[in-house]
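When a ligand or atom number is given, it counts from 1 through the structure's own listing order. Keep in mind it's a predicted model, so treat the numbers as computed, not measured.
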Amino acid sequence: MPRPEFPKTGRAAEDVLGDLRQAKSGDVDWRSGRTNLYVQFGGDDVLDIAKEASRLYFSENAHGAAAFPSVVRLQADVLDWLLHLVNAGPFGDGCFTASGSESILMALKAARDWARNRRPDLGFAKFIVPQSAHPAIDKAGNLLGIEIVRAPIGPDFRADVAAMEALICPRTIGLAGSAPQFGHGVVDPIAVIADLAIRRNLWLHVDACIGALIAPFARRAGATVPEFDFGIDGVRSISADIHKYGFGAKGASAALFRHKCWRPHYAFEFDDWPIGSYASVGLAGTRPAAPIAAAWAVMRYLGEEGYTRIAAQILDISARLQAGLRAIEGVDLISTPDLPVLAWRVPGLPIDRVIEGMSARGWFLRPMARPAAIHMGMITMHQGPAVDPYLADVAAVVAALKR
Ligand SMILES: *Cc1c(COP(=O)(O)O)cnc(C)c1O
C-alpha cells in the first residue's frame, strides 16, 4: 500500500474532531474500570482541575524561564512539595521531568558523573539492581554507558541484598531498589540496601515512581508501608511519578536528590554557538508548562487531606479485589503487596486462556511473565464500581475453563 501523503487541503475543525472521537471509540474504555493499566484516576473533580490547569498553560514553554516566571514558581512549588513528602533535608533538590524513565535517566547520570569525578579512570561503570527493577533503568544504562546487572530476588519478591552484594566489583558505582516494584507491588528492603551502599560508598537510587505519591498518604490512611525515602541515610536519589498516583497530566515526573551539589550532573549549560548562553535541566529544551500547571493545581486542590482520602478509597478497592480474588476457587494472588499493585494467577490454567475469556467479557488485561500471571498494575478510583462485575467475571471464566 502506498504511504498516505501529507494532507493537501484543510478541513473543518468539527470534522477533524469528529474523526478523533471516532478514532477513540475502539480504544479500551478505561473510564468504566475495564482496565487498570495505563490510566490512573483520582476522581472526576481531580481530572477536571488537571485539565483546566493544562488548558491555562497549554502554550507556555517551561524552557522560557525569564518569559514565564510563573511557570518557574509553579515548578519550584511542586518540587519543594515533593521533597517535603520524601523527607529531603535542607539541601534537597529536584528536577521536573516528562516521565519516570527520564527521572531515572537523570538520577543515573548524576550517579555516573559523581563516580567519574572521584575516579576519572573508571571506564564502563556498573549498577546492581534487583531482578524486579523497571526496564527504564536498563534504558538509562544503555544511554549512559552503565552496565546494569540484575541480581536474583527472594521468594517474597523483594531484593535479595546478599545476592546484590555478591555482584559488587571494582567497577560498581551504584545500587537501586524499588518502592514498590511494578511486578509484585512490594517495597524492596531499602534500609538494608542503604547500609550496603554506605559501607561500599555506592550511589543508591530508589525508584519510587509508583510509591512516592501514595505511600505517605496510604500510611496516613492506616496502611503499613516500609520506609524508603531520604529519611534513610544512604538514599541519594528518588524517582517520583506525578502522572501515576499524583493524578497529574501525563508528562509529569520528578528526579529528587539528597543534595543540590549534584545539580551540575543533570543540569546542562553551554555557550559555544551563535546565541551564546544556553541552559536546561533534564533532557528537553522546549518543555510543556501544562503538566507542571496540572501538577501544581491537583496538589494544591487536594493537599495531604485530599490525597489521604483518595488513598483510603484506593486501599479499600484493592482490599476488596484481593479478598474477592482469594475467595474464588483456584485463583491465587501472586504476592501480598505493600501498595495497591495486584497480580493473580490460576495454577493449572494457561494464563492466555484466562485473558481470552476475560477479553470476551470486555476486560482489558495483560499477562506478566515471571511468574505467569495477570498483572493488574496500579489500582485507582475508576475501579471501585467495577470490582463486583470484575470478580463475577473472573469466577465465571475460571469455572468455565476448569470444566
Ligand atoms: C512507570 C514506572 C517507571 C517508568 O515511568 P514512565 O513514566 O513510564 O517512563 C519506572 N519505574 C516504575 C516502578 C514504574 O512504575
Side-chain angles (χ1 to χ4, degrees), residues 30 35-41 50 78 82 86 94-109 111 127 129-144 146 148 150 153 157-159 174-190 193 204-215 218 225-226 228-229 235 237-256 266 282-284 287-288 290-292 294-295 314 318 334-335 337-343 366 368 370 375-380:
W30 67 266
T35 186
N36 38 301
L37 298 162
Y38 308 119
V39 180
Q40 284 76 44
F41 178 68
V78 169
L82 289 176
V86 296
C95 165
F96 198 103
T97 74
S99 67
S101 303
E102 187 188 348
S103 296
I104 289 169
L105 179 68
M106 290 302 125
L108 263 63
K109 179 169 184 305
F127 239 81
V129 308
Q131 213 272 327
S132 53
H134 194 279
I137 294 188
D138 294 72
K139 191 193 279 186
N142 197 292
L143 289 165
L144 294 164
I146 301 173
I148 308 294
R150 290 181 170 248
I153 53 178
F157 305 109
R158 293 178 211 272
L175 309 171
S178 312
Q181 39 101 319
F182 185 61
H184 319 98
V186 298
V187 175
D188 285 325
I190 301 300
I193 305 177
L204 172 54
H205 177 72
V206 174
D207 181 5
C209 277
I210 299 175
L213 275 144
I214 186 160
V225 185
F228 57 78
D229 64 21
V235 175
S237 55
I238 294 177
S239 42
D241 279 357
I242 302 163
H243 59 204
K244 286 178 181 158
Y245 279 126
F247 308 111
K250 285 188 184 56
S253 174
L256 305 169
Y266 54 90
L283 263 194
R287 275 194 305 134
I292 297 171
I314 289 175
S318 173
I334 293 301
S335 63
D338 292 314
L339 286 164
V341 173
L342 304 187
R366 299 271 300 163
M368 71 185 265
R370 284 182 288 275
H375 188 238
M376 295 190 72
M378 283 158 256
I379 306 303
T380 62

Could you give the N/O to N/O pairs under 3.5 Å linking ligand 1 and the protein, each with its distance?
unit_1   : atom_1 : unit_2 : atom_2 : d
ligand 1 : 5 (O)  : Gly100 : N      : 3.4
ligand 1 : 5 (O)  : Asp241 : OD2    : 3.4
ligand 1 : 7 (O)  : Gly100 : N      : 2.8
ligand 1 : 7 (O)  : Asp241 : OD2    : 3.4
ligand 1 : 7 (O)  : His243 : NE2    : 2.9
ligand 1 : 9 (O)  : Gly100 : N      : 3.4
ligand 1 : 9 (O)  : Ser101 : N      : 2.9
ligand 1 : 9 (O)  : Ser101 : OG     : 2.6
ligand 1 : 11 (N) : Asp207 : OD1    : 3.4
ligand 1 : 11 (N) : Asp207 : OD2    : 2.6
ligand 1 : 15 (O) : Lys244 : NZ     : 2.8

Any non-hydrogen side-chain atom of Leu105 less than 4.5 Å from a side-chain atom of Leu144? yes
In terms of the angle between their ring planes, are Phe182 and His375 parallel, tilted or perpendicular, with boundaries placed at 30° and 60°? perpendicular
Out of curiosity, Ile210 CD1 to Asp241 CG, how far, rounded to the nearest 0.5 Å? 8.5 Å
With Pro226, the side-chain contact (heavy atoms from CB on, under 4.5 Å) member among Asp188, Val186, Val187, Ile190: Val187
Not counting sequence neighbours, which residues clear side chain to side chain contact (heavy atoms under 4.5 Å, CB included) with Ser239? List them please. Ser103, Ile104, His205, Asp207, Cys209
Is any side-chain heavy atom of Leu108 closer than 4.5 Å to one of Ile148? yes
